[in-house]
Amino acid sequence: MEIILKNGDKLNVEVGTTCAKAASAISDGLARAAVAAKVNGKLVDLCTVLNDGDKLEIVTLKDKEGLEVYRHTCSHVLAQAVKTVFPTCNLAIGPVIDNGFYYDIDFKTPITQDDFVKIETEMAKIIKSNIAIKRFELPRDEAIQLMTKYNEKYKVELINDLPEDSVISFYKQGSFTDLCRGPHLPSTGKIKAFKLVSIAGAYWRGDEKKKMLTRIYGVAFATKDEMKAYFEMMEEAKKRDHIRIGKEMKLFALLNEGKGFPFFLPNGMVLKNTLVDYWRDLHKREGYVEIQTPIILTRNLWENSGHWEHYKDNMYTTKIDGEDCAVKPMNCPGGMLVYKLEPHSYKDLPLRVAEMGLVHRHEKSGQLHGLFRVRCFTQDDAHIFMLPEQITDEIKGVVRLTDKIYKQFGFKYKVELSTRPEDSMGSAEDWDLATSALQKALDEMNIEYEINEGDGAFYGPKIDFHLQDSIGRTWQCGTIQLDFQMPQRFDLEYVGEDGKKHRPIMIHRAIFGSIERFIGILIEHFAGKFPLWLAPKQVKILPITDRTSEYADKVCAALKEQGIRAEVDARSEKIGYKIREAKMEKVPYVLVVGDKEAEEGTVNVNKRGVEEKYSATLDEFVETAVKEIAQKINF
RNA sequence: GCUGCUAUGGCUCAGCAGGUAGAGCACGUCCUUGGUAAGGACGAGGUCACCGGUUCAAAUCCGGUUAGCAGCUCCA
């Protein structure tokens, strides 16, 4: 019979030939590198028997799928090892993740990281024995019988929940058999580099109400070198951790006295204010007006907006003169009240109303994390009130503005479209209309996005922008939410061309999302090496001897005159020492001034990240610095 | 909130097996005025997160509380 290879070549093989055998017929090198195969586009085990006319593709560890198969087998080796070391435990599930794998296991007595040595030793033994991995399939009742025999209650539950027509397959390696869809490596000996890294709790089936199992995380790579490179990269990434840099650079403080409420220190305030100034300038140009609404408003208002019903557990409440009040978790109801203060004409729309709003949300204690997740933060919020025919253009405008701002910092981002959640308000028609409006804007702008089913706000669907932190976790920053509900609830209206009253449509949007979170991401993105326009300390002037400290003061004054954040380090320390300190502070420009410079009216410029130093007149340096700040050049 | 781990001078960390604390950096004083990533000497600074228990004796062992970290769940 004949099979077709990836490159289109045809190969004659005997009936009953496996993928592995076919691979070795193509080339010995490829056969040895093979870890799985793709038959007619479907990923399968190497032992899969080919049929006449099948299209065969060999998968190696160089392929993404190949590495996944490899990591998947690692998780099974982990399971086998754990079963050997702790025979009474019950296995749940063990999938592949970025860089590795995990397995959720129900232990009779809790284990700790100290047990990793035992487990890893057992895994190494399994790998060394190079046990063949065999697939077999069973009908449902036999599958349940088998897993019941092994006392694997979680597996029985999984089998019971599989759809009627699904194939129930098992993989057997030695005495160990596990329910699995596969595919797997042909034998355990192919695993070259793995390590167990951490242990954590995880709810069975991701449900908070179900039992918490123990999850063992591991990483696995095709070679030991790749694994080493991974650990080195993780070490580097940890050095970028915003909590650590925030402390080192005295940007902010997290204190026991205010759990989830960060303190901003002078350096951090420079960052925050600079971002706000940039934001405000940009929004003025984009036709926004700015308001500020109160932090505490009556409970009545929150009931009216629907927040009370959907969100009261996360709101801080208080009583003022006997009246129930709540601290705002969002700015919109305040914005609605402002809209209602006066009648609006269709000629006024779109109305773009921005607010740097300080909101408070009672996040559960375990969710708090540095500046990424806090209980009090500043939203760069805006509400856009508009006519139905303005929806697409307004959304596009916000997407463009978001892109512009993210690009300014050199961020790459991911876009998600979140649709109607279960717990939501409003009619299906409104939701469809709103969702397709968002989708239309994204499609027309040729923006790639993922759909996040059921993850919208309770009042409307949304477009979310996600940025990545230094160890690859993503955080939602920007958001554009289309809302038909608030205008209705607050009975907003405008007078149309026809002289009749109509309901405006509203967008909620934020670009930084939370200034605090955005600052956290900025810190990690730049590893604390902020571009000149953002740097808390922009220029440091270092006199070589006490003789030149007067000239240093003069240079500093000239820079301050131009609004540049400059300071002199006049301590009687050696120049090398002062340079080292300034560099560790990540100051963009360090100016060294000695007798020569004082005499010539120049400065010796040390630019961060640049080995060569150069001499410039004071005026020349001021000019370049002013220009770099004004143009917000990143370096 | 749940599971696990952690908590020692301003910072980064030692303190292995219980006998009332150490280092480096930072800080202060003095000497050194030195041309591009750490000059030298001396000094000050900690009831070892908090509360309780075991013990003749607890930073060290046990329990609880608080806070942080990793993950889970949640995030209008």
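As the structure is a prediction and not an experimental result, all values here were calculated from the model.
- Taking the six-membered ring for Trp and the full ring otherwise, the centers of A/F518 and A/F411 sit less than 6.0 Å from each other.
- Nucleotide B/rU6 forms a Watson-Crick or G-U wobble pair with B/rA67, both donor-acceptor distances falling under 3.5 Å.
- Just one of A/K259, A/R375, A/R373 meets the salt bridge (Lys or Arg N to Asp or Glu O under 4.0 Å) condition when paired with A/E363; it is A/R373.
- Take the nearest nucleotide of RNA chain B for A/G456 and for A/I575: the residue whose nucleotide is more 5' is A/I575.
- Judged by the 6.0 Å and 45° rule, A/R71 forms a cation-pi pair with A/F221.
- For the P atoms, the distance from B/rA59 to B/rU20 is 10 Å, rounded to whole Å.
- One finds no side-chain N or O of A/Y217 lying less than 4.0 angstrom from the OP1 or OP2 phosphate oxygen of B/rC5.
- A/T602 and A/E597 are not linked by any side-chain donor-acceptor pair at a separation below 3.5 angstrom, with hydrogens and angles left out of the test.
- The distance between atom CD1 of A/I544 and atom P of B/rG39, rounded to the nearest whole Å, is 15 Å.
- Remark: C1' of B/rC72 and CH2 of A/W204 are 15 Å apart, rounded to the nearest angstrom.
- Comparing B/rG4, B/rC75, B/rC2 by their nearest atom to the side chain of A/R361 picks out B/rC75.
- For A/K364, the listed nucleotide lying nearest its side chain is B/rU73; candidates were B/rG35, B/rC5, B/rU73.
- In terms of phosphate contacts, A/H362 brings no side-chain nitrogen or oxygen within less than 4.0 Å of OP1 or OP2 of B/rC75.
- For A/M584 and B/rC11, the CE to P distance is 16 Å, given to the nearest whole Å.
- No more than 12 heavy atoms of other residues, nucleotides or ligands lie within 6.0 Å of NZ in A/K195, so this atom counts as exposed by the packing criterion.
- Near RNA chain B, meaning a heavy atom under 4.0 Å away, the residues from residues 239-254 of chain A are A/I243, A/K247.
- Judged by distance alone, with hydrogens and angles left aside, A/D207 brings no side-chain donor or acceptor close enough to the base of B/rU73 to form a pair under 3.5 Å.
- If you check the side chains of A/K328 and A/T293, you find a donor sitting under 3.5 Å from an acceptor.
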Problem set entry | CA sep, side-chain torsions, deciding dist, call: A/K462, A/D464, salt bridge (charged side-chain N to carboxylate O under 4.0 Å, His left out) | CA-CA 6 Å; A/K462 55 182 186 165; A/D464 287 331; 3.4 Å; yes

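- Distance from the side chain of A/Q367 is smallest for B/rC74 among the nucleotides B/rU33, B/rC5, B/rC74.
- Atoms NE2 (A/H383) and C1' (B/rA76) sit 12 Å apart, rounded to a whole Å.
- Distance from the side chain of A/F458 is smallest for B/rA76 among the nucleotides B/rA76, B/rA37, B/rC72.
- Taking every side-chain heavy atom of A/S572 into account, B/rU33 is the closest of B/rU73, B/rU33, B/rA76.
- Between A/D595 atom CG and B/rG35 atom P there is a gap of 10 Å when expressed in whole angstrom units.
- When the side-chain nitrogen and oxygen atoms of A/R571 are compared with OP1 and OP2 of B/rC27, one or more of them lie within a distance under 4.0 Å.
- Judged by Watson-Crick or G-U wobble contacts below 3.5 Å, the nucleotide B/rU33 has no partner.
- To the nearest angstrom, P of B/rG35 lies 16 Å from CD of A/E599.
- For A/K259, taking side-chain heavy atoms from C-beta onward, the closest of the listed nucleotides B/rA67, B/rA76, B/rG71 is B/rA67.
- With distances taken from any side-chain atom of A/R473 to the nucleotides B/rA76, B/rG35, B/rG71, the minimum falls on B/rG71.
- Checked against a 6.0 Å centroid threshold, the rings of A/F458 and A/Y311 do not count as neighbours.
- Nearest-nucleotide positions on RNA chain B for A/S198 and A/P543 put A/P543 closer to the 5' end.
- For the contact set between residues 305-314 of chain A and RNA chain B, defined by any heavy atom under 4.0 Å, the members are A/H307, A/Y311.
- In the interface, the side chain of A/R205 is not paired with the base of B/rC72 through any donor and acceptor atom under 3.5 Å apart.
- Remark: aromatic rings of A/F101 and A/H76 are distant, center separation not under 6.0 Å.
- Checking B/rA76, B/rA38, B/rU3 against the side-chain heavy atoms of A/Y459 singles out B/rA76 as nearest.
- Annotation: A/Y339 is not in aromatic contact with A/H383 [ring centroid separation under 6.0 Å not met].
- The ring of A/F372 has its center closer than 6.0 angstrom to the ring center of A/H242.
- The CD-C1' distance, from A/E257 to B/rG68, rounds to 14 Å in whole Å.
- When the C1' atom is compared between B/rC30 and B/rG35, the two are found 25 Å apart, to the nearest whole Å.
- The nucleotide whose nearest atom lies closest to any side-chain atom of A/E581 is, among B/rA37, B/rG34, B/rA26, B/rA26.
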For this session: Could you walk me through whether A/K540 and A/E581 pass the salt bridge (charged side-chain N to carboxylate O under 4.0 Å, His left out) test, one step at a time?
Result: CA-CA 10 Å; A/K540 213 159 171 186; A/E581 277 208 343; 5.2 Å; no

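- Here the P atom of nucleotide B/rG35 and the NZ atom of A/K613 are 15 Å apart, to the nearest Å.
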